[in-house]
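Since the model is a prediction, treat every value here as computed from it, not as a measurement. Lettering follows sequence order; numbering is per chain, from 1.
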Number of protein chains: 2
Amino acid sequence: MDAALKEPFNREKQFATKRQAVILAAGQAFRRRGYHNASMTEIAKTLGLTKAALYYYVRNKEEVLFECHLMAYDAMDEILASKPKGIVALDRLEALFIDLVEMLTASGVSLLTDVNSLGAENKTVVLTRRGKIERKIIRLVKEGQKDGSIRSGDARLHVFFFMGALNWLNAWYDASGRLKGEDIAVHFALQMRAGIAS
Amino acid sequence: MDAALKEPFNREKQFATKRQAVILAAGQAFRRRGYHNASMTEIAKTLGLTKAALYYYVRNKEEVLFECHLMAYDAMDEILASKPKGIVALDRLEALFIDLVEMLTASGVSLLTDVNSLGAENKTVVLTRRGKIERKIIRLVKEGQKDGSIRSGDARLHVFFFMGALNWLNAWYDASGRLKGEDIAVHFALQMRAGIAS
DNA sequence: AATAAATTTGACTCAAGAGTCAAATTTATG
DNA sequence: CATAAATTTGACTCTTGAGTCAAATTTATT
């Protein structure tokens with residue numbers, strides 16, 4: 001391994017990793033206590049750092065919130081993209097939903113809803129991103145209505161209904177509780193499915 | 001009408017009415033922009049008042065948030081209590097859900113989720129209150145599982161799923177949009193029902 | 001060990017918004 | 001109209017937490 005080649009790469013990589021740790025920890029704090037109730041000092045303490053050290057990794061608090069949103073949407077996009085094309089739309093949607101719930105309960109990634117604490121710029125980006133995801137899922141639902149697996153009705157409302165379950169999950173789910181993420185995923189997927197199946 | 005009797009009563013009543021208007025307006029602001037993003041000055045301006053005037057009606061901002069929660073739970077309790085006992089549990093649940101959605105879309109009452117901005121005292125009260133409502137609905141679901149109208153499975157999860165839809169509704173619903181609250185109510189009730197029906 | 005780069009910190013500044021209060025204004029009553 | 005109570009306001013204070021920065025400390029490199 002050529003040190004001259006490897007090390008500058010590792011440096012950046014280490015920095016990026018630590019930065020991600022900051023975003024992740026902040027996300028947890030924002031999810032549990034709310035964006036404004038969670039102070040940077042508090043988040044820093046979680047990581048065994050001081051507030052000033054945090055600012056070595058991020059520009060400001062809003063940027064952290066922004067990155068939290070992006071992190072969640074990246075994870076969702078990945079799941080969205082990984083869905084095989086074979087089967088009937090309802091089955092694909094169910095598999096998708098299971099993956100989403102498992103990701104949210106297992107990965108530590110937080111799906112935040114506070115979009116108003118972002119500046120106009122970032123808010124637009126986040127809402128656009130969310131919109132794209134919603135539209136993909138709506139499209140999937142419409143496919144299902146075409147292939148006969150999903151019953152008719154406003155596809156957008158179909159989706160908003162069960163996306164609510166997903167967002168709300170983030171508010172009440174506690175990893176240390178008795179319910180395992182996997183079980184919730186199976187239950188929720190079934191309920192989601194039954195709610196819109198033909 | 002005896003003035004001596006009527007007027008002192010009206011005074012209080014007028015005060016209470018104005019106070020409620022403050023709570024309601026604040027609730028809208030909190031829902032749209034978030035508790036911390038909505039300033040008291042801003043809320044006052046909405047009502048054609050100045051911040052200082054607001055403080056004639058309320059002790060502090062937290063109290064307003066607290067009252068917002070209570071207002072929503074009062075409205076929900078009222079609906080919960082009004083449900084006739086006759087029919088099968090699933091039907092009662094559906095009727096209930098329709099009423100809840102219509103209330104949230106029509107009344108201007110906001111179902112807030114920010115419970116962490118409350119002091120320990122008030123937070124406990126609110127969570128207890130929410131817990132009671134959830135438990136009532138869970139009980140109803142269990143009844144349904146007994147009378148055969150609702151399929152088996154963790155009743156708590158059944159409920160958390162569709163309560164998510166309700167909470168999320170508050171985040172995206174816009175009274176000035178194309179979707180009428182009544183239509184959403186019917187759609188959501190159907191989807192809720194299908195999701196847990198036997 | 002000496003040097004340089006990366007990382008962390010204590011001790012600050014600063015802004016925003018909650019909350020106060022004495023005085024002004026409005027409303028109701030005799 | 002005069003008086004008192006209710007309501008509203010402008011002009012404050014105070015707190016909290018975001019964000020900064022020069023200096024200290026740690027880590028890597030020769």
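A cation-pi arrangement is not found for B:Lys132 relative to B:Tyr73, the charged atom failing to lie both closer than 6.0 Å to the ring centre and inside a 45° cone about the ring normal.
Pairing partner, C:dT13: D:dA18, with both Watson-Crick or wobble hydrogen-bond distances short of 3.5 Å.
Each side chain to side chain donor-acceptor pair (under 3.5 Å) pair with one or both residues in residues 86-103 of chain A, not counting sequence neighbours, appears once here: A:Lys83-A:Asp99, A:Asp91-A:Arg193, A:Arg92-A:Glu143, A:Glu94-A:Arg193.
Note: NE2 (B:His36) to C1' (C:dA18) measures 12 Å, nearest angstrom. As rounded to whole Å, 13 Å separates atom C1' of D:dT16 from atom CD of A:Glu42. Following rounding to the nearest Å, B:Gln14 (CD) and D:dA5 (P) show an atom-to-atom distance of 18 Å. Per the geometry, NZ belonging to B:Lys45 stands 17 Å off P belonging to D:dT8, to the nearest Å. Distance CZ (A:Phe15) to P (D:dT26): 20 Å, rounded to an integer number of Å. Rounded to whole angstrom, the span from the CD atom of A:Glu63 across to the C1' atom of D:dA18 amounts to 14 Å. In this structure, A:Lys61 atom NZ and D:dT20 atom P are separated by 15 Å, rounded to whole Å. What separates OH of B:Tyr55 from C1' of C:dG19 is a distance of 5 Å, to the nearest Å.
Looking at heavy-atom distances under 4.0 Å, B:Ala44 makes no contact with the nucleic acid at all.
Looking at B:Gln191, its side chain never comes within 3.5 Å of a backbone N or O of A:Ile196 through a donor-acceptor pair. Checking side-chain atoms of B:Asn116 against main-chain N and O of A:Arg32 turns up a donor-acceptor pair under 3.5 Å.
Among all heavy-atom pairs drawn from B:Met103 and B:Ala72, the shortest one is CE-O, 4.3 Å.
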Inset, instruction - Take B:Leu54 and B:Val64 through the test side-chain contact (heavy atoms from CB on, under 4.5 Å) and record every step on the way to the result. - result: CA-CA 10 Å; B:Leu54 273 201; B:Val64 178; over 6 Å; no
Inset, instruction - Step by step, work out the salt bridge (Lys or Arg N to Asp or Glu O under 4.0 Å) result for A:Glu63 and A:Arg19. - result: CA-CA 12 Å; A:Glu63 185 188 76; A:Arg19 194 184 132 97; 3.3 Å; yes
Legend entry - Summary of protein contacts for nucleotides 9-15 of chain D, nucleotide by nucleotide, where a base hit scores B, a sugar-phosphate-only hit scores S (4.0 Å, heavy atoms): BB-----
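Shown for residues 16-33 of chain A: no residue has heavy atoms falling under 4.0 angstrom of DNA chain C.
Residue A:Val22 is grouped with residue A:Val109 when hydrophobic side chains (ILVMFWY) are merged at heavy-atom distances under 4.5 angstrom, including chains of intermediate members.
The closest side-chain donor-acceptor pair between B:Asn37 and A:Ser117 falls under 3.5 angstrom.
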